[in-house]
Amino acid sequence: MTDSTDLTSEDRKIVTLARSVRARNGVPEGAAVRDETGRTYAAGSVTLDSLKLSALRTAVAMAVASGATSLEAAAVVTEAETATAEDRAAVRDLGGPGTPVLLAGPDGTVRETLTAG
């Protein structure tokens, strides 16, 4: 368990963005990532007949498509107990194995800080 009050303001920001996307879009997950320049990318789950992406993989794809070359941190707001191996791999591919992945519940409380590793 991670105490949400121990988060930096920038980490709280990506959790808030992820939570907002989830609520606004009515999707199972919301995610946000912060790149090496401090830019943030927020996304919800994508569920189409031809394309299914988790919120975190969508946020990473948005960062890559916008020219990001690295990630500082990622956050996912979900009811799931943990981030999937595929989600963590996407963060690791862009940010490296030590990139923190903040796992928060629907209320925005960070339950755990994982690494992409």
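- Legend: residues meeting side-chain hydrogen bond (donor to acceptor under 3.5 Å, both in side chains) with Ser9, ordered by chain and number and at least two apart, are absent.
- The shortest non-hydrogen separation linking Ala116 to Gly96 is CB-O, 3.5 Å.
- The shortest non-hydrogen separation linking Ala32 to Leu17 is CB-CB, 4.1 Å.
- Under the rule for a side chain to side chain contact (heavy atoms under 4.5 Å, CB included), the partners of Ala55 that lie at least two apart in sequence or sit in another chain are Glu29, Ala31, Ser45.
- Considering only residues two or more places apart in sequence or on other chains, Glu81 meets the side chain to side chain contact (heavy atoms under 4.5 Å, CB included) condition with none of them.
- The nearest pair of heavy atoms linking Ala74 to Ile14 is C-CD1, 3.7 Å.
- In this view, Asp107 and Thr109 satisfy the side-chain hydrogen bond (donor to acceptor under 3.5 Å, both in side chains) rule, not counting sequence neighbours.
- Apart from Leu53 itself, the hydrophobic cluster it occupies contains Val46, Leu48, Leu51, where clustering links Ile, Leu, Val, Met, Phe, Trp and Tyr at side-chain heavy-atom distances under 4.5 Å.
- Partners of Arg22 according to the salt bridge (Lys or Arg N to Asp or Glu O under 4.0 Å) rule, which considers only residues two or more places apart in sequence or in another chain, are Glu79.
- Heavy-atom minimum distance, Ala18 versus Val77: CB-CG2, 3.7 Å.
- Without hydrogens or angle criteria, Arg19 side chain to Pro106 main chain gives a donor-acceptor distance under 3.5 Å.
- Arg111 CZ to Thr82 OG1: the interatomic distance, rounded to the nearest 0.5 Å, is 8.5 Å.
- When all heavy atoms are compared, the tightest approach of Val21 to Ala43 is CG1-C, 3.3 Å.
- With sequence neighbours left out, Glu10 forms a side-chain hydrogen bond (donor to acceptor under 3.5 Å, both in side chains) with no residue at all.
- Clustering of Ile, Leu, Val, Met, Phe, Trp and Tyr by side-chain heavy atoms under 4.5 Å joins Val101 with Val33, Tyr41, Leu56, Val60, Met62, Val64, Leu71, Val91, Leu94, Leu114.
- Every pair passing salt bridge (Lys or Arg N to Asp or Glu O under 4.0 Å) that includes a residue from residues 31-41 is listed here, sequence neighbours excluded: Asp11-Arg34, Arg34-Glu72, Asp35-Arg39.
- Counting side-chain heavy-atom gaps under 4.5 Å among Ile, Leu, Val, Met, Phe, Trp and Tyr, the cluster of Val76 also holds Leu103.
- Sorted by first and then second residue, the pairs that involve residues 53-71 and meet salt bridge (Lys or Arg N to Asp or Glu O under 4.0 Å), not counting sequence neighbours, are Arg57-Asp87.
- Not counting sequence neighbours, Thr115 has no partner by the side-chain hydrogen bond (donor to acceptor under 3.5 Å, both in side chains) test.
- Counting all heavy atoms, side chain and backbone alike, Thr113 lies closest to Pro100 at CG2-CB, 4.0 Å.
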